[in-house]
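Inspection log for the structure reproduced underneath, given as structure tokens.
Each chain gets a letter, A, B and so on, in the order the sequences are listed, and its residues count up from 1.
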Amino acid sequence: MDPKPCCTICPEYADTPYVGLDMTLFIRKFLSEEEFHDNFNTNDLVNKALVCFSLEDKKPPWKLWGFAYNNPGVEHAEITVLQELSKFWRSNCMKKDSQYKITLYATYSPCLNCCEEICRFLNNKKEKVILNLNISRFYNFHDIDNKISLKILRKYGVQIKMMDLEDFKACFYLFVDPKEQFEPCEELNVHCERNAIELDHLWHELTVDLQLLGHRHTIRFTYDHDQRYDLALVIVESLWGIVKRKMRNIRPNNADELKAAIKATWASITPEQCHRLITSMPRCIDAVGMLGLSEYLEASGQQLEERGLN
DNA sequence: ATTTTCAAT
């Protein structure tokens with residue numbers, strides 16, 4: 001059995017010199033029923049990722065659709081899909097006043113890098129683009145980055161949902177052919193419910209992985225739902241890569257100490273680093289400006305002033 | 001952790 005997906009390249013791309021993508025992208029092709037069940041499966045171990053995608057404007061039919069697998073060691077599936085969408089954007093006249101909707105059904109939640117690429121993709125669009133991301137299971141949720149990245153995506157307005165029975169069904173009927181009746185895999189509802197709860201927790205918690213700081217266990221603590229605090233923490237989280245490096249030698253003993261350490265670390269972030277955040281996350285910073293959160297951004301007040309946000 | 005996770009200890 002070949003563990004890789006069947007490797008026929010779409011005829012219309014047969015002479016396209018794709019590097020690293022030629023075996024993983026399928027445009028206007030349906031999944032086989034077997035592929036669907038192998039990948040959109042909440043029970044078995046799956047060491048590959050699959051993303052089904054569709055692009056539509058206000059009226060049907062889909063402008064572009066298909067699916068992509070990851071290219072082992074080269075590219076995650078999301079990147080392949082984004083590249084294809086970008087290519088479509090470049091080679092078609094997109095109407096500025098139109099509203100585009102991208103729907104993704106992904107077997108794994110996107111990693112930090114993929115989330116950043118999704119943000120970049122959305123940032124580059126002048127048109128209104130709604131992105132619906134339906135996820136079948138979490139990707140390596142032990143790694144804090146894969147949680148924080150979802151929060152960043154959400155702040156960007158991406159509609160994120162852990163797939164429920166209806167979503168699996170919808171994905172099946174949209175992307176599989178030939179197909180029989182949809183058969184949910186065992187325990188699907190149980191897994192879906194757990195996933196939905198997990199995602200809801202994620203939205204309402206600041207999760208900090210103390211393993212990174214030399215502790216053995218991950219500590220999860222909730223913060224209040226005050227929107228200002230929420231946003232401030234999301235900004236801290238978005239800078240987590242920097243914070244992580246800066247906090248290497250700090251050993252907080254409890255959640256309060258940890259919070260204080262994060263706050264202090266945040267305050268020590270340089271304007272240059274903050275500038276990088278501002279340019280990569282304008283929507284987040286806009287929200288900060290609107291809500292008068294600049295006190296949380298003292299270290300970068302200069303940058304905010306320049307942009308007229310405080 | 002529910003968890004072998006976009007492979008390859």
Side-chain angles (χ1 to χ4, degrees), chain A residues 1-7 18-26 31 35-53 66-85 104-121 133-150 152-153 158 160 162-165 168 171 175 184-212 215-222:
Chain A
M1 266 272 285
D2 185 353
K4 297 212 175 114
C6 74
C7 292
Y18 263 143
V19 177
L21 297 181
D22 53 340
M23 300 308 202
T24 58
L25 177 65
F26 300 82
L31 282 171
E35 279 177 293
F36 176 85
H37 287 297
D38 282 353
N39 289 281
F40 285 101
N41 178 326
T42 54
N43 294 315
D44 300 338
L45 165 67
V46 183
N47 285 314
K48 60 189 180 213
L50 169 63
V51 176
C52 298
F53 67 99
F67 61 93
Y69 287 94
N70 66 297
N71 191 350
V74 181
E75 216 78 85
H76 278 189
E78 295 88 333
I79 303 300
T80 304
V81 170
L82 288 175
Q83 287 175 349
E84 191 55 32
L85 287 166
L104 304 180
Y105 289 94
T107 58
Y108 279 117
S109 57
C111 70
L112 178 58
N113 180 55
C114 287
C115 286
E116 285 174 352
E117 289 303 322
I118 292 170
C119 291
R120 200 161 296 145
F121 173 87
L133 173 58
N134 303 295
I135 299 166
S136 138
R137 52 180 123 65
F138 294 109
Y139 170 61
N140 196 3
F141 244 35
H142 307 164
D143 184 342
I144 188 83
D145 285 351
N146 295 329
K147 299 185 177 196
I148 290 166
S149 59
L150 288 185
I152 294 172
L153 268 192
V158 176
I160 304 175
M162 295 312 292
M163 290 166 69
D164 60 19
L165 178 64
F168 278 95
C171 180
F175 287 97
C185 61
E186 230 175 287
E187 303 274 301
L188 182 65
N189 263 329
V190 178
H191 292 137
C192 289
E193 266 172 47
R194 266 205 303 248
N195 285 340
I197 290 168
E198 181 80 7
L199 189 65
D200 193 58
H201 281 169
L202 179 64
W203 296 155
H204 296 103
E205 288 172 358
L206 170 65
T207 321
V208 176
D209 189 351
L210 285 183
Q211 280 179 7
L212 296 166
H215 289 246
R216 183 140 177 263
H217 299 291
T218 298
I219 285 187
R220 168 186 281 178
F221 57 93
T222 56

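Of the listed nucleotides (B/dA7, B/dT2, B/dT4), B/dT4 has the atom at the smallest distance from the side chain of A/Leu45.
Distance, A/Glu193 CD to B/dT2 P: 15 Å, rounded to whole Å. The separation between A/Asn39 atom CG and B/dA7 atom C1' is 14 Å, rounded to whole Å. To the nearest angstrom, C1' of B/dT4 lies 12 Å from CZ of A/Arg137. As rounded to whole Å, 13 Å separates atom P of B/dT4 from atom CG of A/Asn43. Atom-to-atom, OH of A/Tyr108 to P of B/dA7 comes out at 10 Å; the value is rounded to the nearest Å. Taking atom CG of A/Leu50 as the reference point, atom P of B/dA7 lies 13 Å away to the nearest angstrom. One atom, CG of A/Asp44, and another, C1' of B/dT2, lie 14 Å apart when rounded to the nearest Å. Taking atom NE2 of residue A/His191 and atom C1' of nucleotide B/dT2, one finds them 7 Å apart after rounding to whole Å.
In this structure, A/Asn140 does not reach the B/dT4 phosphate: none of its side-chain N or O atoms is under 4.0 Å from OP1 or OP2. In this model, the phosphate group of B/dC6 is approached by a side-chain N or O of A/Tyr139 to a distance below 4.0 Å at OP1 or OP2.
In this view, A/Phe168 satisfies the ring pair (Phe, Tyr, Trp, His ring centres under 6.0 Å) rule with no residue, not counting sequence neighbours. Applying the side chain to side chain donor-acceptor pair (under 3.5 Å) criterion to A/Asn146, with sequence neighbours excluded, gives no partner residue.
Toward the 5' end of DNA chain B, the nearer of the two residues A/Cys114 and A/Arg194, judged by each one's closest nucleotide, is A/Arg194. Nearer the 5' end of DNA chain B, as judged by each residue's closest nucleotide, is the contact made by A/Thr42, out of A/Thr42 and A/Phe138.
Rounded to the nearest 0.5 angstrom, A/Phe40 CZ and A/Asn134 CG are separated by 9.0 Å.
Among the heavy atoms of the strands lying under 4.0 Å from A/Ser109 is at least one base atom, whether or not backbone atoms are also near.
At least one side-chain heavy atom of A/Leu133 sits less than 4.5 Å from a side-chain heavy atom of A/Pro110.
Here the separation of B/dT2 from B/dA7, taken at their P atoms, is 26 Å to the nearest Å.
Contact annotation: side chain of A/Glu75 to base of B/dC6, donor-acceptor pair absent below 3.5 Å.
In this structure a side-chain-to-backbone donor-acceptor pair under 3.5 Å is missing from A/Asn39 to A/Thr107.
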